Structures are given as C-alpha cells and as structure tokens.
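Quantities reported herein were computed from a predicted structural model and do not represent experimental measurements. So that the names make sense, note that chain A is the first sequence line, chain B the second, and so on, each numbered from 1. When reading the values below, keep in mind they use all heavy atoms of this one structure, side chains included, and skip hydrogens, waters and symmetry mates.
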Amino acid sequence: MMSEATIIPVVMPKWGLSMREGIVNEWLVDEGEEITPGMPILNVETDKIANAVEATDGGVLRRKVAGEGDVLPVKALLGVLAPPTVSEGQIDDFIQSWVVADVDEDDEEQVSVDRFIEVNDLRVRYVRKGEGTETLLFIHGFGGDLNNWLFNLDAFPDATVVALDLPAHGQTETRLTGNSLAALAGFVIEFMQALEMPAAHLIGHSLGGAIAAQLALDAPQRVRSLTLIGSAGFGPEINLSYTQGFIDAQSRRDLKPVVELLFADTELVSRQLLDDLLKYKRLDGVTDCLQQLHDGLFSGGQTSLPGQRLSGLTPPLLLIWGEEDAIVPPEHAALAPAGSRVVRIAGAGHMPQMEKSAQVNQLLQQHVSGER
Amino acid sequence: MARKLSMKMAINEAIDQEMARDPSVIMLGEDIVGGMGSEGEKDAWGGVLGVTKGLYAKHGDRLLDTPLSESAYVGAAIGAAACGMRPIAELMFIDFMGVCFDQIFNQAAKFRYMFGGKAETPVVIRAMVGAGFRAAAQHSQMLTPIFTHIPGLKVICPSTPYDTKGLLIQAIRDNDPVIFCEHKNLYGLEGEVPEKPYAIPFGEASIVRDGRDVSIITYGLMVHRALDAAQQLAQQGINVEVVDLRSLSPLDLDTVIETVENTGRLVVVDEAHPRCNIATDIAALVGQHAFHALKAPVEMVCAPHTPVPFSPTLEDQYIPSAARIIDAVKRTFSYRGKQ
C-alpha cells in the first residue's frame, strides 16, 4: 500500500494570533491540475485580511474538500494533493481520517503574544517565536508594523524569530529617537542589546531594508546575513506620492488609492486593512512623527544610501524585489554589490513578502541556512 | 491583545485625556461630581450612570456640578465656549433638551454664521438617547433628527467603544457645537480601545460588514440589530453590507451612494420616529443621487409614530428588531416592478 506521506493536505492557514477560522472565497485551480510549490491554490478571507493560500509542496490537486463560501477552522482540510498513482479510495480514506488538530491556546499565547520592552526609554512592541540557535530579526518599513510579516514569521520553526515595531510605528510608543538612518539603525542595535541578541539574520523591508544595511555597516559583528526586500537605501528615487500620500490621508477614501500602490493585485487592499491603518495613523502624534521621518529620510529623494557601500559576501546579501514595485524601483537591484544574490519576483509589488509569501519564505530559508 | 473597554469607560477616558491635554476643557452637568455637592460625597457618584466617575479627583473644580436647570448650564457652557473655553455639557437624557433650544438652535448654532466667521463655539453637549431602558416616554427618545436638521450643529451617534473615544475627542477639539448622542443601552458594550488618545474625523461613515447583495445603512444601537440580521441572512445566502453612519451631520454621502451602487438594494434603519428622520433623509438622498443603481424601492425600518411605551412588552415591540430588518431586506428581493 502507498504510504500516506505522498498525500499532501492543503489546510486552512493561521494568519496571525487572532485567527480562528477563515472563509474559502474562491478556488484558483481545478482538480487534476499539476501544482508547483509557491503556486496560489485558493483565496481565503478572514475578518482581518484576504490572501491566497500557496502550495508548500508540489503534486496534483486530486480533491477539493472545502467548497467556496465554507467557513472553516484553522487546520481544517481544504484540499488534497497527491501523485496520480494514489487511488481515489486512498484519498477518500485520507479525507475520512483527517482530524482538525486543536490549536493549543496556552502554547500559542506563550510563543506569539505581543511583548513589550523598554529600549532607550521607549516602550517597544515585539514578538518572539521559537527557540532555535539561529535568530532572525524582521524590520518593517515606513508606516508599517510587525504584522507586515504575518505570512513569514511562522516559516522558520527551527529558528528564533523576532519582529519589532519601530519607534512611532505599530504599538511602539509614538516618539522618535532620531530621524536619520544612523539613528534608526542605532535604535535597532539597542533593541538587540536589550533582548540579549548578539547577532541575527536581518530581514528588512523597504525603509527597514535601509536600516538593516546601515546596521550591517555600523555593527557588522551583529549581522549573520542580510535579506533586503523592496529595499530603500540603494538608489535616490522613491515614490514620494506614496510616502507623502500615506502621511496626508485622513480618511478611508483618501488612503485606499495610496495603499493600492503597494500591491500588484489591488484586490488585496481590504476594507479591514485600511481601517487598521487608519486606527494607527489617527493616534495622537503619529502624523507628526511620520512627517519628521519622511523629512529626514526621503524628502527630495533618498540621500543616505548604505546599500551602495555593502559588500555582497560579508555578510551574505539577498535582495528580493517585486517586478511591479511602484514605491522603490526594482531597477535599484542593479546597484547591488558584486556577490549578492538578486531575485526579482513576477506578479508582486512593493510587498512580495505578503503577495508571494511562499516564494519569499523559501528564498529566506535558503539564504539563512547558507544554501545558494 | 489589545485592551478592552466599555463604551461608558471609553467616554470617561476621552474626557480624562482631553482634560489632561488642554486646560481649557471643562465640564458642566447634574451630579457629574457627586451627590448634591455635599461634603464627603464628592466623586461618589459621577453622573446618573457613573460615566464621569473619578474625573473630579483628577481634574478638581474643572468639573462643575450644576443646579437642575439645563437651560442655565447649557447656556453657560455655550457662553464659555464663545469666550475661549472648551466646555462639555452633560444632559442626563436628550429628552431634556427642550428647555434649552434657544441656547442651542438660536445661539450656539448661529454664532459662526452671524458673526461672519469671527466667533467660534467649541462646545460639546453630551446626552443619552434611545429606548429599551424601561425609562418611559420622557427619557427614551431618539431625537437625533431634530439636531441634524439644524445647520451649524454637528451631530454624532457612535455604536462602538472605539468610535466613541475617537469621535468624542474629535468633538472636544472641534471648533463648532457638537451634539454627542450616546445610546444608553450601549454603555456596557465592550470593545478594543487603544490607550493612546486619537481623533476620528467627522463625516466618515464606517463600513462594519462587507457584502454585495443589499446595504443596510444605520447608526447607534441599530448597527448591532443590523449586524444580527446580516448574520442570519448570511446563512440564507444573502450577503449584507452594513454601514454605520456614526456622524449624522456632517453626512458621508459618498459612502452612502457608493454602497448603494455596489449592492443596488437599500434598507435604512432608524430608531427615531418615522417622519422626517435619518432614514427618510437617506432614502431621499439615495433617490436623488443613486436612483440609477436601485433594483428595488428603498425600505425603511423605524420606530412607530408614537411616544415610547412604558410597558416593557410594548417597548420591546416598539424598537426595530432584527426580525423586522430581515423582513425589509427580503422585500427588496421580492420586488417585481409594476404589475
């Protein structure tokens, strides 16, 4: 008899701490279709976000278990991948025997609940997951927060994964400790010290990429590898109608077209995403802090370009760019130092870690483990 | 996890944070400090339902207990606003507004206009609205339409603790008179509220549920009845979009039109009496601006044109229910045009 290992379940994902169930919106593939890793299989929507569930393994989609419109708990069986050699009966047995594992609430709270720490008199929110020897530190971009890594933080079960909210971002205190790249990199170094994290693999997105690059120049001993996604800090151009538009937008109506610039597929900009961004932007002081950051970093184009001063090899450098990035031009990838690995992802905009998360996670896993 | 607060405590926190931020914020009302102002009883009560509890201890005599004369202290608040303070006047029930209509309609609402923009009246008048509290005809009305009718007043009626804090902070910072309507049956409702202060701009409706088949536009307590109806209808395959106006004046007409253009069907739910209310206003505006999008006549679900009954059985029948909303939604689907 065929071993069950060749049957691969497609299950309801868990996107973030609060997710308990999701709605199956639409199947994107048909039964009998050959699936490759990273391929979007179906669209799932939660009360927070809508996104595609991407294949983690390859195979033929043998069965759609979930119907469109079904509301199902996390880890529920949505579909079954298997090679053609597996019989229909075996697939029936597999589906019959599928049990939705209980999400262990205590365990879950323990590993992924928001934490806070004082850094330089600033109350900083962060998350920490896992207990591995290698540490990954995720740094979000301008106007973002650690939830920008919603689809990435769970992809490294063997590592210690940490993500923070930068000053005046997310749920970190609304105050700046400086509005230069050097000041921001210095802040992240202090955060690493406060967490007793001597060195880490840095993953930075957009402004977070420029901060990671600056940190690698200022404190090379703290950086095991660098992954910069849609990164600032390589060339002078940046889409100021996005950065200033984000600061100025006060209503859902004004914010929507601005946030749509981030994605290749603008359908991903849900009403809930906009409401959550507005909740952040409306906090007293946020607009002022964002404007100060913007004036220090972007106005008149980027002037501080640490990316150009990096070496490609020490630490190992991976650059990921969405082909349709409308904020930081993908052409900046050409400015990457010799020896770095550059991957441009089709069908993604400025947020490839959300739009093409499976592909980005795979690249990250390879880069962090030293595979090229 | 974000912190949860009741709507009552969200109001308390908004006033507390604004009083701490701006020394010109003061508060006037009946029993807001303590029982009759007598020694030893200060801060014992904090308003008729305890909304201002604890504020006297923090902000002292910037909270003024007034005599039982709404006409006097609402007038005083409006005068103080015209002279540069940012007063919050609390009326126990909106039903008591009748005795201060001149101060509100003829004075506060007119100053900016009649003084050529040189005078501002940054006053907030807070009051409880709505039925379901077994408080009879003189303490249960939904008088939002009366104030919405008057140019120069801004009228707010929130449905969640998050919106309540942000809109009340905006009301206090706003330079025009704001009538802030708090549904008494929502005071105990809990929801996530950031600890930091934040202001929600007026004139933006909130879409509280996405749907593509039919729109329900409403505000206040009725938002929750509409969500209840929407949940039941979803099980029957009808996807309802629910829009919470939250700001009745200024009105977010763009979102009203947009949701009707998306769905083609509209039910407006209003706890106020059925003539000249928010529902009739929305229905008329949609008829004028989005007629092209309508697949069926606009349905309205309102309270009857009678005073609020004291009998609990009758009062429960009086307030629009999820069942009545569901019936109205279904009527928009059974419409077949002129026979």
Side-chain angles (χ1 to χ4, degrees), chain A residues 16-20 23 25 45-50 67-71 105 108-109 112-116 123 125 127 145 147 165 168-175 248-256 267 269-287 289, chain B residues 1-4 13-14 17-18 20-22 160-163 165-170 172-173 191-213 227 231 234-239 241-244 246-247 250 252-259 262:
Chain A
L17 185 64
S18 62
M19 180 166 171
R20 295 283 176 267
I23 305 163
N25 263 353
E45 188 177 334
T46 73
D47 54 358
K48 291 277 182 201
I49 196 155
E68 291 177 4
D70 287 359
V71 179
E105 297 285 338
E108 198 72 22
E109 296 297 325
S112 57
V113 76
D114 289 347
R115 301 159 189 240
F116 290 87
R123 190 162 178 261
R125 177 179 69 153
V127 292
D145 67 19
N147 288 320
D165 285 347
H169 284 76
Q171 290 180 33
T172 289
E173 212 178 316
T174 311
R175 189 158 58 79
D248 293 342
Q250 291 300 318
S251 68
R252 200 173 55 243
R253 195 170 302 280
D254 293 341
L255 188 61
K256 190 165 190 263
E267 292 289 305
V269 180
S270 67
R271 192 254 314 159
Q272 187 68 47
L273 175 68
L274 295 171
D275 282 353
D276 286 350
L277 281 171
L278 284 172
K279 278 185 183 176
Y280 157 67
K281 275 174 52 60
R282 283 173 178 163
L283 294 174
D284 274 7
V286 163
T287 302
C289 285
Chain B
M1 287 280 97
R3 177 192 61 146
K4 288 199 169 179
E13 188 168 275
Q17 289 179 343
E18 286 307 288
R21 192 185 65 86
D22 181 349
T160 67
Y162 173 83
D163 284 353
K165 179 176 169 182
L167 290 166
L168 183 52
I169 287 180
Q170 175 61 36
I172 296 168
R173 296 178 188 178
E192 290 183 4
V193 179
E195 287 170 47
K196 295 174 192 169
Y198 57 95
I200 299 174
F202 292 163
E204 184 179 51
S206 168
I207 299 168
V208 290
R209 183 187 172 106
D210 297 299
R212 54 179 182 272
D213 299 330
L227 285 171
Q231 182 123 29
Q235 286 159 6
Q236 301 168 36
I238 299 174
N239 287 309
E241 184 148 289
V242 181
V243 175
D244 175 4
R246 62 187 183 180
S247 164
D252 184 356
L253 186 58
D254 288 339
T255 295
V256 167
I257 292 171
E258 208 168 81
T259 185
N262 285 344

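- Between Arg173(B) and Glu18(B) there is a salt bridge, with a side-chain nitrogen of the basic residue lying less than 4.0 Å from a carboxylate oxygen of the acidic one.
- Contact check on Glu195(B) versus Lys165(B) returns no salt bridge, with no Lys/Arg side-chain nitrogen under 4.0 Å from an Asp/Glu carboxylate oxygen.
- In this structure, the portions of Lys279(A) lying under 4.5 Å from any heavy atom of chain B include both its backbone and its side chain.
- Both the backbone and the side chain of Asp254(B) come within less than 4.5 Å of a heavy atom of chain A.
- Proximity to chain B (any heavy atom under 4.5 Å) is shown, for Arg282(A), by both the backbone and the side chain.
- Listed options Ala234(B), Pro201(B), Pro194(B), Ser206(B) were ranked by heavy-atom pairs under 4.5 angstrom with chain A; first place goes to Pro201(B).
- The parts of Pro197(B) that come within reach of chain A are both its backbone and its side chain, each placing non-hydrogen atoms under 4.5 angstrom from that chain.
- Taking Phe202(B) as the reference, nothing meets the ring-ring contact (aromatic ring centres under 6.0 Å, His included) condition, with sequence neighbours excluded.
- Residues Arg253(A) and Glu204(B) are not paired through a salt bridge, judged by the lack of any N-O separation under 4.0 Å between the basic side chain and the carboxylate.
- Checked by atom type, the side-chain pair Asn25(A)/Glu45(A) shows a donor-acceptor distance below 3.5 Å.
- Contact annotation for Ile169(B): neither backbone nor side-chain heavy atoms come within less than 4.5 Å of a heavy atom of chain A.
- At a 4.5 Å heavy-atom cutoff, the contact between Arg209(B) and chain A is made by backbone atoms alone.
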